[in-house]
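The sequence lines fix the lettering, A, B, ..., with proteins before strands; numbering per chain opens at 1. Side chains are part of it too, since the values below use all heavy atoms of this structure and drop only hydrogens, waters and symmetry mates.
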Amino acid sequence: DAKTTQPPSMDCAEGRAANLPCNHSTISGNEYVYWYRQIHSQGPQYIIHGLKNNETNEMASLIITEDRKSSTLILPHATLRDTAVYYCIVRVAHSGGGADGLTFGKGTHLIIQP
Amino acid sequence: DSGVTQTPKHLITATGQRVTLRCSPRSGDLSVYWYQQSLDQGLQFLIQYYNGEERAKGNILERFSAQQFPDLHSELNLSSLELGDSALYFCASSVQGQGGEKLFFGSGTQLSVL
């Protein structure tokens with residue numbers, strides 16, 4: 001699976017949009033971009049994933065550049081409860097239960113300021 | 001609530017002992033993943049099972065073993081425990097949908113080895 005690069009930490013004011021970048025310049029054509037987050041000592045939580053097109057769900061939006069070498073996770077109206085470590089992961093879509101574990105890097109520690 | 005149940009939530013034991021951590025996946029999920037998270041390490045993938053069979057191995061020590069039973073619940077066995085095994089242990093189950101695999105994590109078992 002391709003490696004990703006994320007800033008170690010970011011601040012964002014409550015109520016503003018939080019934009020979290022991720023570089024994945026070695027991504028392959030069949031690899032998806034996944035985002036998870038982990039609120040302190042809780043289990044990681046799936047947020048969103050995409051292949052080529054931009055995606056939106058009730059939690060966030062995912063913007064993937066046309067060359068797919070980078071992406072941005074957008075939390076449109078950040079709240080204090082969004083303070084967490086956010087992980088960007090690139091992985092081949094597997095069938096039949098996959099062939100490897102999902103590898104988490106160090107992620108970005110997003111701190112929402114009141 | 002992710003639908004993944006882990007028991008016990010907390011476990012305190014002594015060095016040299018053996019413990020068993022239990023995980024019940026979401027209804028219908030065939031894959032179970034185990035992860036370890038210690039204070040100075042990120043989320044480390046240990047092992048994955050799919051429908052009762054071992055599918056992938058990560059950084060799992062020989063003192064650790066796991067299995068997935070016919071009812072799909074899984075157990076992680078840790079033996080000859082050392083102080084360094086103190087960590088949060090997470091279990092996740094996954095659903096394979098169109099365009100990728102989403103992992104859903106339990107709330108973890110906090111293991112303290114004294």
Notebook entry, point to check: If you look at every heavy atom in B:Leu76 and B:Ile60, which pair is closest and at what distance?
Noted result: CD1-CD1, 4.4 Å
Check: Could you walk me through whether B:Ser94 and B:Asp29 pass the side chain to side chain donor-acceptor pair (under 3.5 Å) check?
Finding: CA-CA 6 Å; B:Ser94 73; B:Asp29 287 356; over 6 Å; no
Check: Can you list the residues that meet the side-chain contact (heavy atoms from CB on, under 4.5 Å) rule with A:Pro76, with sequence neighbours excluded?
Finding: none
Next item on the list: Locate the shortest heavy-atom distance separating A:Pro114 from A:Leu80; write the atom from each residue and the value.
Entry: N-CD2, 3.9 Å
Margin query: Counting only non-hydrogen atoms closer than 4.5 Å, does B:Leu103 touch chain A with its backbone (N, CA, C, O), its side chain (CB onward), both, or neither?
Written below: both
Margin query: At a 4.5 Å cut-off on heavy atoms, which part of B:Gln37 comes close to chain A: side chain, backbone, both, or neither?
Written below: side chain
Check: Tell me, side chain or backbone of B:Tyr35 under 4.5 Å from chain A's heavy atoms, or both, or neither?
Finding: side chain
